[in-house]
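As a basis for the values below, the full set of heavy atoms in this structure was taken, side chains included, without hydrogen atoms, waters or symmetry mates.
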Amino acid sequence: MQDFLQFFTNVFSGFSVTDAVDIIIVTLVVYYLLKLVLETRAEQIIKGILVLVAATVVSDVLELHTLNWMCKGALALGAVAVLIVLQPELRRALEFMGRGKMISGLGQGDKENSKRIVSAIVSAVEKFSNDKTGALIVFERQTMLEDYAESGIVLNARITEQLLGSIFYEGAPLHDGAVIISGMNIYAAGCVLPLSGSQDIGRDMGTRHRAGLGITENSDALVLIVSEETGIISMAEDGKIERFLDVKTVEKKLLNIYLNDRKIGDRFSKITGKGRFFSGMHKQNDIYSRNGREGDKDA
């Protein structure tokens, strides 16, 4: 017992406040890293790496030279492979640190405009659900979705229930694509999104759900999805999807983002400013000019 007490006395004799802060910081870093990889592709890959490390150690202890050589080679290549395979997760982790979630939510958004916008979106989603109209609505946050917007048609239009209904009306030219909402505007429609490679998506969820989940794996966007077959409302965020939502839950989430979170509201002035608006107009003019030239050639 005396030796046991002596051991702890020796260990903690040089322990200072700096050491305590150091331990707390490392603990928080490890915690958030584990939180980021939990329930994603990274979780399975990390399990595989741990198995490979264990095999390397065991083969070294048992002097299984060939197996040990193979394991070490696989670990060396695995370091590069992990950076490639986990690129979306690493990007989200860096964006998470850059966004500084701990200081978000300062101030209040434009309450009247925010409530009007949320009301219009919720009314449209409720109608889509009742009529079983497929819809895919992406809310841009801190990560710019310019590349995905360019795959569709830039609108820069005021958000209304009627406009959303027209876009997703079955048979409309843009109804199969995604709508990207940036701040207070529908920035683009008919957009093509990356499909998720997750194996956890149910068989009853099709391309629309995979696209909605895929964009959240590559950005911090929030996505609303309405199933064309069942009318079920789903919401995707941070590479996870939540299903069977009611309109009240959707309304609460959107109001929280627009009024408190400020990840959408803060971008209002930038998005509706001349720079981005005229940039979109120039892109549309380029498209029209290109189509006109191609039409002349065909003629």
Side-chain angles (χ1 to χ4, degrees), residues 1-103 141-143 193-203 205 209-221 223 236-243:
M1 185 64 181
Q2 188 66 31
D3 293 337
F4 185 74
L5 293 174
Q6 184 63 39
F7 170 76
F8 274 96
T9 302
N10 293 336
V11 169
F12 291 103
S13 59
F15 195 79
S16 64
V17 175
T18 305
D19 296 322
V21 172
D22 189 22
I23 292 172
I24 291 171
I25 292 174
V26 171
T27 303
L28 289 173
V29 169
V30 172
Y31 169 75
Y32 280 109
L33 285 175
L34 292 174
K35 187 177 179 181
L36 284 170
V37 303
L38 191 62
E39 298 179 2
T40 65
R41 294 179 301 168
E43 181 183 10
Q44 302 302 322
I45 293 173
I46 288 174
K47 287 179 181 177
I49 292 174
L50 291 176
V51 170
L52 195 58
V53 170
T56 303
V57 173
V58 171
S59 61
D60 189 36
V61 172
L62 299 179
E63 297 184 354
L64 304 175
H65 302 295
T66 304
L67 179 61
N68 185 257
W69 174 78
M70 291 177 63
C71 289
K72 287 182 177 179
L75 282 174
L77 293 174
V80 179
V82 164
L83 292 177
I84 297 172
V85 175
L86 297 184
Q87 186 267 340
E89 281 78 8
L90 292 173
R91 178 178 172 179
R92 289 219 318 274
L94 292 173
E95 288 174 350
F96 175 86
M97 291 185 288
R99 288 196 304 267
K101 286 189 175 182
M102 296 185 68
I103 60 173
R141 295 165 108 170
Q142 294 294 332
T143 304
L193 304 181
L195 299 181
S196 171
S198 174
Q199 301 299 317
D200 298 328
I201 298 180
R203 293 183 178 179
M205 291 187 282
H209 290 82
R210 284 192 174 275
L213 192 60
I215 191 66
T216 67
E217 292 173 348
N218 291 275
S219 71
D220 63 341
V223 182
E237 185 179 16
D238 292 332
K240 301 174 186 177
I241 190 165
E242 186 179 359
R243 306 194 66 202

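The minimum heavy-atom distance linking Gly212 with Val223 is given by the pair O-CG2, 3.6 Å. Of all the heavy atoms in Leu213 and Ser198, the pair that sits closest is CD2-CB, 4.4 Å. The minimum heavy-atom distance between Leu52 and Ala74, with the atom names listed, is CD2-CB, 3.7 Å. When all heavy atoms of Ser196 and Glu217 are compared, the pair lying nearest together is OG-OE2, 2.8 Å. Across Thr216 and Gly239, no two heavy atoms sit closer than the pair OG1-N, 3.2 Å.
Taken to the nearest 0.5 Å, the CG atom of Leu67 stands 10.5 Å off from the CG atom of Asp60. Taken to the nearest 0.5 Å, the CD1 atom of Ile241 stands 7.0 Å off from the CD1 atom of Ile201.
Tested against Val26, the residues Asp22, Leu28, Val29 include a single side chain to side chain contact (heavy atoms under 4.5 Å, CB included) partner, Asp22.
At least one side-chain heavy atom of Thr56 sits under 4.5 Å from a side-chain heavy atom of Asn68.
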